[in-house]
Chemist: 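So that we are looking at the same thing, I have put the structure below in structure tokens.
In what follows, residues are counted from 1 in the order of the sequence shown.
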Amino acid sequence: HVQLVESGGGSAQPGGSLRLSCAVSRGHYSVNCIGWFRQGSGNAREGVAGISTGGGSTYYADSVKGRFTISGDNAENTAYLQMDRLQPEDTAMYHCAADRLACLRDNWAEPRGYSSWGQGTQVTVS
């Protein structure tokens with residue numbers, strides 16, 4: 001496993017922006033896929049965005065496409081989730097997750113595909 005620490009959550013007004021960070025510490029494997037997930041009150045965990053750290057391919061849930069941008073800085077071992085045009089329905093606990101296997105279009109949003117998880121950071125839009 002690797003250790004993941006999220007930061008950057010907080011409160012925003014509808015239409016506002018927040019930028020989440022996911023710091024990845026060295027672990028027992030090289031990280032090839034990082035995903036951002038969210039879980040609102042009473043809801044199942046939902047994949048928001050994923051990135052392959054090698055090739056840079058990115059994937060998004062339809063609900064955030066065009067508003068959220070995932071990126072990674074391999075030199076800093078950090079992944080980011082830029083969230084623009086936030087909406088109240090974006091309110092949730094956001095977690096980053098990592099795995100040694102590469103993200104693929106048909107599996108990046110499956111939580112069971114990730115072996116390491118951060119504790120999460122709360123995002124509230126109201």
Side-chain angles (χ1 to χ4, degrees):
H1 297 286
V2 295
Q3 285 191 318
L4 308 175
V5 179
E6 303 95 335
S7 60
S11 297
Q13 293 183 341
S17 298
L18 286 172
R19 188 194 196 201
L20 306 184
S21 299
C22 174
V24 182
S25 66
R26 289 180 177 267
H28 294 101
Y29 59 81
S30 296
V31 171
N32 288 302
C33 177
I34 293 179
W36 281 98
F37 291 78
R38 66 186 180 186
Q39 188 164 17
S41 178
N43 296 332
R45 189 164 290 190
E46 173 193 20
V48 175
I51 184 168
S52 288
T53 59
S57 297
T58 57
Y59 309 95
Y60 297 94
D62 287 342
S63 58
V64 306
K65 202 170 292 183
R67 300 188 298 121
F68 290 10
T69 304
I70 188 171
S71 61
D73 185 332
N74 289 336
E76 296 293 330
N77 292 320
T78 303
Y80 303 96
L81 185 68
Q82 177 67 40
M83 305 186 296
D84 298 317
R85 290 186 283 145
L86 284 163
Q87 303 168 0
E89 49 266 39
D90 295 318
T91 295
M93 180 70 77
Y94 283 71
H95 299 265
C96 65
D99 198 77
R100 61 181 176 86
L101 298 180
C103 299
L104 297 174
R105 185 171 300 279
D106 60 353
N107 71 359
W108 70 269
E110 174 54 60
R112 291 176 296 179
Y114 295 82
S115 56
S116 298
W117 289 82
Q119 291 298 309
T121 184
Q122 178 68 36
V123 170
T124 302
V125 184
S126 63

Chemist: Are the side chain of Glu110 and the backbone of Arg112 linked by a donor-acceptor contact shorter than 3.5 Å?
Modeler: yes
Chemist: Is there side-chain contact between Leu86 and Phe68, with at least one heavy-atom pair below 4.5 Å?
Modeler: yes
Chemist: Identify the two heavy atoms, one from Asp84 and one from Ser17, that lie closest to each other, and give their separation to 0.1 Å.
Modeler: OD1-OG, 2.7 Å
Chemist: Any chain of hydrophobic side-chain contacts (each under 4.5 Å) joining Tyr80 to Tyr60?
Modeler: no
Chemist: I need the minimum non-hydrogen distance between Met83 and Val123, along with the two atoms involved.
Modeler: CE-CG2, 3.8 Å
Chemist: A side-chain contact here means heavy atoms from C-beta on lying under 4.5 Å apart; do Glu6 and Leu20 qualify?
Modeler: no
Chemist: Ignoring hydrogens, what is the shortest heavy-atom contact between Gly10 and Leu18? Give both atom names and the distance.
Modeler: O-CD1, 3.8 Å
Chemist: If only atom types and distance count, is the side chain of Arg100 paired as donor or acceptor with the main-chain N or O of Ser115 below 3.5 Å?
Modeler: no
Chemist: Please tell me if the side chains of Ser126 and Ser11 come closer than 4.5 Å, counting only heavy atoms from C-beta onward.
Modeler: no
Chemist: Look up atom CG in Asp90 and atom OG1 in Thr124, then write down how far apart they are to the nearest 0.5 Å.
Modeler: 11.0 Å
Chemist: To the nearest 0.5 Å, what is the distance between CG (Leu104) and OH (Tyr59)?
Modeler: 6.0 Å
Chemist: So Phe37 and Tyr114, would you call those rings parallel, tilted or perpendicular, with 30° and 60° as cut-offs?
Modeler: perpendicular
Chemist: For the residue pair Val31 and Ile34, what are the closest heavy atoms and their distance?
Modeler: CG1-CG1, 3.6 Å
Chemist: Are side-chain heavy atoms of Asn43 and Arg38 found at a separation under 4.5 Å?
Modeler: no
Chemist: Consider only side-chain heavy atoms of I, L, V, M, F, W and Y, link residues closer than 4.5 Å, and tell whether Tyr94 and Val125 are in one cluster.
Modeler: yes
Chemist: Which pair of non-hydrogen atoms, one from Leu101 and one from Asp99, has the smallest distance, and what is that distance?
Modeler: N-OD2, 3.0 Å
Chemist: Side chains of Glu46 and Ser63: does their closest heavy-atom pair fall under 4.5 Å?
Modeler: yes
Chemist: Indicate yes or no for a side-chain donor-acceptor contact from Ser25 to the backbone of Gln3 under 3.5 Å, with no hydrogens or angles considered.
Modeler: yes
Chemist: What heavy-atom pair brings Gly118 and His95 nearest, and what distance separates the two atoms?
Modeler: O-ND1, 3.1 Å
Chemist: Once rounded to the nearest 0.5 Å, what's the spacing between atom CH2 of Trp108 and atom SG of Cys33?
Modeler: 9.5 Å
Chemist: For the CD atom of Gln82 and the CZ atom of Arg67, what is their distance to the nearest 0.5 Å?
Modeler: 12.0 Å
Chemist: With the side chain counted from C-beta on, respond yes when Ser71 and Asp73 share a heavy-atom pair under 4.5 Å apart, and no when they do not.
Modeler: no
Chemist: Does the Thr121 side chain pair with the main chain of Ser7, one donor and one acceptor, at a distance under 3.5 Å?
Modeler: no
Chemist: If I take atom CD1 from residue Ile70 and atom SG from residue Cys96, how far apart are they, to the nearest 0.5 angstrom?
Modeler: 9.0 Å
Chemist: Membership question, hydrophobic clusters at under 4.5 Å side-chain separation (ILVMFWY): are Val64 and Met93 in the same one?
Modeler: no
